[in-house]
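Please read all numbers here as calculations on a predicted model, not as lab measurements. Per chain, numbering begins at 1; letters A, B, ... match sequence-line order. Only heavy atoms go into these numbers, but all of them, side chains included; no hydrogens, no water, no symmetry mates.
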Amino acid sequence: GESVGLHLPTLSVQEGDNSIINCAYSNSASDYFIWYKQESGKGPQFIIDIRSNMDKRQGQRVTVLLNKTVKHLSLQIAATQPGDSAVYFCAEKDAGTALIFGKGTTLSVSS
Amino acid sequence: DAGVTQSPTHLIKTRGQHVTLRCSPISGHKSVSWYQQVLGQGPQFIFQYYEKEERGRGNFPDRFSARQFPNYSSELNVNALLLGDSALYLCASSTRDGNYGYTFGSGTRLTVV
């Protein structure tokens, strides 16, 4: 499957491949992280979240990995489908009230 | 169950006017947050309200204000609109303690001309 080591603004994969989208977060005090999917003209759609006391969490076809040592978050999508095409954002939160969003990655899935 | 609902969906205003955007959270959620998303960027935090009290404020000018009502719905007001206020305004509803499970509405697309 396709993966990126550092944040890239775009990722193109073939249908059926596994996708990995990476995110570097900024605040070592952040203790809650969320991945969102945003389609054109719509609001961000919650995909999966993880708290800092975990390093891995799985959902349906998605897995989030958290590496607090290097402040890195990744989203793995298994068997990527055309309907997965969208912009993906990671967001972090510390004890404050604001979600801080990372730079989005545009995932394009071709069939 | 209804998700987060926002109104209106689209709005066109002239520079100098003011605008009021509305949000209804998910039933049972007591916290509402507002975000601004400029084209091509991630959402930026404007306000969070919890139990009708302002809990946090982002780096936005005083032209931006908000309030939360007893039924936990919320309004975002922007005065003296500038062209740069053109954006998608998003409302997020979060779990009862206001700290987790942020769910966004579809947003209000504001165009200032």
### Task
Establish whether A/L75 and A/M54 are linked, either directly or via other cluster members, by ILVMFWY side-chain heavy-atom contacts under 4.5 Å.
yes

## Note on the structure
Per-residue tally against chain B (heavy atom, under 4.5 Å) across A/Q38, A/R51, A/K42 peaks at A/R51

### Summary
What one should report as the nearest heavy-atom pair of B/P43 and A/F101 is O-CD1, 3.4 Å

### Query
Within a strict 4.5 Å, meaning less than it, do heavy atoms of the A/P44 and B/L90 side chains meet?
yes

### Message
Side-chain heavy atoms under 4.5 Å apart, restricted to Ile/Leu/Val/Met/Phe/Trp/Tyr: what other residues fall into the cluster of A/V70, or is it alone?
### Response
none

### Task
State, yes or no, whether a side-chain contact exists between B/Y102 and A/D49 at a heavy-atom distance under 4.5 Å.
no

### Task
Name the region of B/Q37, side chain, backbone, both or neither, that has any atom closer than 4.5 Å to a heavy atom of chain A.
side chain

### Task
Would you kindly confirm whether B/Y50 and B/F64 end up in one hydrophobic cluster when ILVMFWY residues are joined by side chain heavy atoms under 4.5 Å apart?
no

#### Entry: Joint cluster assignment, A/F46 & A/L65, ILVMFWY side-chain distance < 4.5 Å
no

### Query
Can you get from B/L39 to A/Y88 by hopping between Ile, Leu, Val, Met, Phe, Trp and Tyr side chains that sit under 4.5 Å apart?
no

### Summary
ring-ring contact (aromatic ring centres under 6.0 Å, His included) filter on B/Y72, not counting sequence neighbours, yields none

### Neighbour count >12 (heavy atoms, 6.0 Å) for atom CD1, B/I12
no

### Segment of A/Q45 engaging chain B (4.5 angstrom heavy-atom cut-off)
neither

### Task
Treating Ile, Leu, Val, Met, Phe, Trp and Tyr as nodes and any side-chain heavy-atom pair under 4.5 angstrom as an edge, say whether A/I77 and A/V109 lie in one connected cluster.
yes

### Task
Could you list the residues that satisfy side-chain hydrogen bond (donor to acceptor under 3.5 Å, both in side chains) with B/N71, not counting sequence neighbours?
B/S73

### Task
Let me know if B/F47 has heavy atoms under 4.5 Å from chain A in its side chain, its backbone, both or neither.
neither

### Query
So which of B/G107, B/S106, B/C91, B/S33 has the largest heavy-atom pair count under 4.5 angstrom toward chain A?
B/S106

### Task
Please indicate whether B/R63 has more than 12 foreign heavy atoms, meaning atoms of other residues, nucleotides or ligands, lying under 6.0 Å from its CZ.
yes

### Message
Which residues in residues 25-37 of chain A have any heavy atom closer than 4.5 Å to a heavy atom of chain B?
### Response
A/Y32, A/I34, A/Y36

### Query
About how many Å separate CG of A/L99 and OH of B/Y35, when rounded to the nearest 0.5 Å?
3.5 Å

